[in-house]
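Here's the structure, in structure tokens; my notes come after.
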2 protein chains.
Amino acid sequence: MKYITIKDIAKKLNTSVSTVSRAFNDKSDISAKTKELVLKTAKEMGYRQNRMAKNLVQKRTYNIGIVVPEFVNSFFPEVIMGAQEVLFKKGYQVLITQSNECYTTELKNVQSLENSMVDGLLISLSSETDNIDYYQDLVNSGFPIIFFNRTYKEIKASKVLFNDYKWAMFATEHLIRQGYKNIYHLQGIKSLTLSKERRRGFVDAHKKHKLTYDKSQVITSGFHMEDGEKIAAQLIENNTIPDAIFAANDQLAMGAMSVFKKHGFKVPKDIAFVGFSESKMGSMVEPPLSSVKQPTFEIGKQAAKLLLDQIEAGTKHTPQTVKLDGELHIRESSLKK
Amino acid sequence: MKYITIKDIAKKLNTSVSTVSRAFNDKSDISAKTKELVLKTAKEMGYRQNRMAKNLVQKRTYNIGIVVPEFVNSFFPEVIMGAQEVLFKKGYQVLITQSNECYTTELKNVQSLENSMVDGLLISLSSETDNIDYYQDLVNSGFPIIFFNRTYKEIKASKVLFNDYKWAMFATEHLIRQGYKNIYHLQGIKSLTLSKERRRGFVDAHKKHKLTYDKSQVITSGFHMEDGEKIAAQLIENNTIPDAIFAANDQLAMGAMSVFKKHGFKVPKDIAFVGFSESKMGSMVEPPLSSVKQPTFEIGKQAAKLLLDQIEAGTKHTPQTVKLDGELHIRESSLKK
DNA sequence: TGAATTTCCGAGAACGTTCTCGGAAATATT
DNA sequence: AATATTTCCGAGAACGTTCTCGGAAATTCA
């Protein structure tokens, strides 16, 4: 597969590579006639620009990399769409990469993108990631990078976050106000800042309403539906039946709910459920699941904007944190009639 | 932000760039001692390899691009995971790009990747794409590219497809055998080969069982849940109530089902539903939705393998088509008791 | 008509790597 | 001890672009 280069075009037209290059880059110092001629013959010859060479001399790629842990749930896809909207408008391309919740591939992805493939990075950490040294070094080296949603408090860098504490508290309070007293929290993966914040909201809601609360009411697991199912089965086996469950995401809530339903419990009469990060699926199940809706699209947009600002500013930027709010969508799964 | 290059390292160590390069590339003609020294100081100096330069001289990137129309549904994410598994093992990186069902951005994505960003491409066309000239040219130029799922019969290139005809026929026959006689087909977007194949299966099942069939039983729309809802509302308004619906995907089926349910129809007693491309959501709704399960993971793996073969073979490859089979998962939504 | 200005173009360096080639030093072989 | 072989390294071209600089040709101005 022989590539056509601007040299070939120049030779054919008996001109110089400079002229050909000028034609492609909308430079002013070229006559309209020759420009047209170059463009025409380039097309005829099947010329395709070599971005590697171009990027090499220009030292920028107009690519932005996005690293997410997964996209089987619609959460990250929606964030990505938000980011794309901003980035496309500014002429950037978006390269997405998926870590599969695995720290090693996450690192490989980042390194691959970071090495002059992209001008900046949007990243949400995998649930496995617990070592942030590499990222901190990268940030310190001046590489433009924005963390969103899944991140660590300790990282000193720009972030776009959801106000997990506040909305976890709201969600819990909603349950308390409905009269539920023995509420359990499925916190998912313990180590993530986001989990800690949601748990803190859960606990503080209890304090605020002077409700007793015991450590055993918070249960750690993964983030998948299967985890929710397992926990529910365990609770039923131990015969410790909560009257409400607040889960750190919809998957956990739905998993648990389906098991409880299968065992004859009525939702929300016997046991109520509230999820988090509203998923489309949540509103389709029976009964529809109450959940905290995150502004996914907006998260993506904000992160992209922050990144572009940072790229513009060069080394002279200061880390910024944007914290966004959402809504609590109350549905049947948590409504005492 | 000043980048450290191998020249800087060479200067510091009073050696040549060749030696430094050798150290990084596991070449044999370098002593273990100097290699270690180079690697150590490189790390100290914060060296990061410039992939642009490397790729430029090597004329390959070890990147594979994937272009999908969307990933809000889990179908494409699962395919991607399958592809990643194969590609990672062979040392390739994966760059994903999303067209948002828009031909223009699809083309932009492809062009951006094609221009020496990747060694090959895996692509599933957007629903809007109806001009395949660009792709055919690309294939003819020798660029390694595999089409999967959403493609056109007319494109002469390697493909990984699902046996849509066969399984649409199975699904329809299942309904017929259950005793349903007035079956409608929601075919989604008409122009896609995949839609045509599924419709052909639907029609031929009728022929095979000597069931009368009228053109009005096939309804065209988009592929989203909202489209299913609209169609159902329309059918109800016109008072043309099918006794079963076979939809080209789960979203359409679920959309329609929810509207029928809202209007008091009992599923599957009054009206049955079968979807396609089984989604996780389908098994969570009430009643659980029957659907044809596609081997998403396997599709990704096969496509990746085909692509790697093609890259190996260089220009000397012949287009190949792999057609995969699935399973019909029968659930309550189509089970006459 | 001659000078000043503008328009257009070519030569060649630069970007950061890899890779081939030739050769010096070290080691093995006779 | 002399030769043959192996091990290791440096010089410099090459990859395909962009970009600066200088200058010729064309145009404008007086």
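Every chain is numbered from 1 and lettered A, B, ... according to where its sequence line falls, protein lines coming before strand lines. These figures come from a predicted structure and were not determined experimentally.
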>> Less than 6.0 angstrom from the centroid, inside 45 degrees of the normal: does B:Arg60 satisfy that with respect to the ring of B:Tyr62?
In response: yes
>> Side chains of B:Asn149 and B:Gln294 only: does a donor on one sit below 3.5 Å from an acceptor on the other?
In response: yes
> Can you list the residues that meet the side-chain hydrogen bond (donor to acceptor under 3.5 Å, both in side chains) rule with A:Gln310, with sequence neighbours excluded?
Replying inline: A:His317
> A:Glu298: what forms a salt bridge (Lys or Arg N to Asp or Glu O under 4.0 Å) with it, not counting sequence neighbours?
Replying inline: none
>> Less than 4.0 angstrom between a side-chain N/O of A:Thr15 and OP1 or OP2 of C:dC9, yes or no?
In response: no
> Hey, does the side chain of B:Ser31 come within less than 4.0 Å of D:dT7's phosphate (OP1/OP2), counting only N and O?
Replying inline: no
> Taking atom P of C:dC9 as reference, at what distance in whole Å does atom CG of A:Leu13 sit?
Replying inline: 11 Å
> A:Ser127 and side-chain hydrogen bond (donor to acceptor under 3.5 Å, both in side chains): which partner among A:Glu101, A:Glu70, A:Arg150?
Replying inline: A:Glu101
>> Using five base pairs at each end to define the local axes, how bent is the helix from C:dT1-D:dA30 to C:dT30-D:dA1, to the nearest 10°?
In response: 30°
>> Within the 4.0 Å limit for protein heavy atoms, which parts of nucleotides 15-22 of chain D are touched? Write it as a string from 5' to 3', B for base, S for sugar-phosphate only, - for none.
In response: BBBBB---
> Excluding sequence neighbours, so at least two apart, what forms side chain to side chain contact (heavy atoms under 4.5 Å, CB included) with A:Thr34?
Replying inline: A:Ile30, A:Ser31
> Strictly under 6.0 Å, is that where the ring centroids of B:Tyr152 and B:Tyr135 end up?
Replying inline: no
Hey, can you pull the donor-acceptor pairs under 3.5 Å for the side chains in residues 35-44 of chain A, sequence neighbours left out?
unit_1: A:Lys35; atom_1: NZ; unit_2: A:Asp26; atom_2: OD1; d: 2.8
unit_1: A:Thr41; atom_1: OG1; unit_2: A:Leu37; atom_2: O; d: 3.2
unit_1: A:Thr41; atom_1: OG1; unit_2: A:Val38; atom_2: O; d: 3.1

